[in-house]
Amino acid sequence: QVQLVESGGGLVQAGGSLRLSCAASGRAFSYPAMGWFRQAPGKEREFVATINWSGGSTYYADSVKGRFTISRDNAKSTVYLQMNSLKPEDTAVYYCAARLVGTTSADPTMYNYWGQGTPVTVSS
């Protein structure tokens, strides 16, 4: 059984930083693509960032480009999201997702497994 567990969320002031982690278990960490998505209250889930297996290809939503960095450590079966210069509009529950086939994608329907989410609150 594949399991993705996010951690690292919390409350931070605007301008601050957080690093989210997503640990995978249940199978070899060979997902060709991993992604981070977020969902704010009353809004649809939206794409944040994605990374391929080697880490050599990354893609970001315009709203986070230059502030967030996605990375992965395959030896630790973990993907990370470093979030800097946080803004109140970044407040959301953040989810990691794994894709079994294919490459990086911003489309949440392309991902096969999802974590339970970790909440991030940015105060102004």
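Only heavy atoms go into these numbers, but all of them, side chains included; no hydrogens, no water, no symmetry mates.
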For [X] and [Y], which heavy atoms make the closest approach, and how far apart are they?
X	Y	result
S105	M110	OG-CG, 3.5 Å
S63	R38	OG-NH2, 3.5 Å
L4	A24	CD2-CB, 3.6 Å
S124	A14	CA-CB, 4.3 Å
P108	A106	CD-O, 3.4 Å

Verify, without hydrogens or angle tests, whether [X] (side chain) and [Y] (backbone) share a donor-acceptor contact under 3.5 angstrom.
X	Y	result
E6	C96	yes
D73	T78	no
T91	V122	yes
T50	G35	no
R99	V101	yes
N74	W53	yes
N52	S57	yes

Side chains of [X] and [Y] in contact at under 4.5 Å (non-hydrogen atoms):
X	Y	answer
S71	R19	no
E46	Q39	no
S17	M83	no
L86	L18	yes

Query raised in the report: Hey, does the Lys NZ or Arg CZ of R45 hover above the aromatic six-ring of W114, less than 6.0 Å from the centre and inside 45° of the axis?
Result: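 Yes; both conditions hold, so R45 lies above the ring face of W114.
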Query raised in the report: Is there a donor in the side chain of T109 and an acceptor in the side chain of D107, or the other way round, less than 3.5 Å apart?
Result: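 Present: a donor and an acceptor within the cut-off.
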Query raised in the report: Side chains of T103 and Y59: donor-acceptor distance under 3.5 Å anywhere?
Result: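 No.
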Is it true that [X] and [Y] fall in one hydrophobic cluster, defined by side-chain heavy atoms closer than 4.5 Å?
X	Y	answer
V93	I70	no
V12	V48	yes
V79	V120	yes
Y111	Y31	no
M34	L100	yes

Query raised in the report: Would you say K43 has more than 12 foreign heavy atoms packed within less than 6.0 Å of its NZ?
Result: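 Counting neighbours around NZ of K43, 12 or fewer heavy atoms of other residues, nucleotides or ligands fall under 6.0 Å, so no.
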Report task. Determine, step by step, whether F68 and L81 satisfy the side chain to side chain contact (heavy atoms under 4.5 Å, CB included) criterion, reporting the C-alpha distance in whole Å, the side-chain angles of both residues, the deciding distance to 0.1 Å, and the verdict. Result -> CA-CA 7 Å; F68 291 11; L81 185 68; 4.2 Å; yes
Query raised in the report: Can D90 and K87 be counted as an ion pair, charged N to O under 4.0 angstrom?
Result: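 Salt bridge between D90 and K87, a charged N being under 4.0 Å from a carboxylate O: no.
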Query raised in the report: How long is the span from the OG atom in S123 to the CD atom in Q13, to the nearest 0.5 Å?
Result: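 That separation rounds to 5.0 Å.
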Query raised in the report: What residue pairs, at least two apart or across chains, pass ring pair (Phe, Tyr, Trp, His ring centres under 6.0 Å) with a residue in residues 80-108?
Result: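 Residue pairs passing ring pair (Phe, Tyr, Trp, His ring centres under 6.0 Å), neighbours aside: none found.
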Report task. Measure the acute angle between the ring planes of F47 and F37, then classify it against the limits of 30° and 60° as parallel, tilted or perpendicular. Result ->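 Geometry flag for F37 against F47: perpendicular rings.
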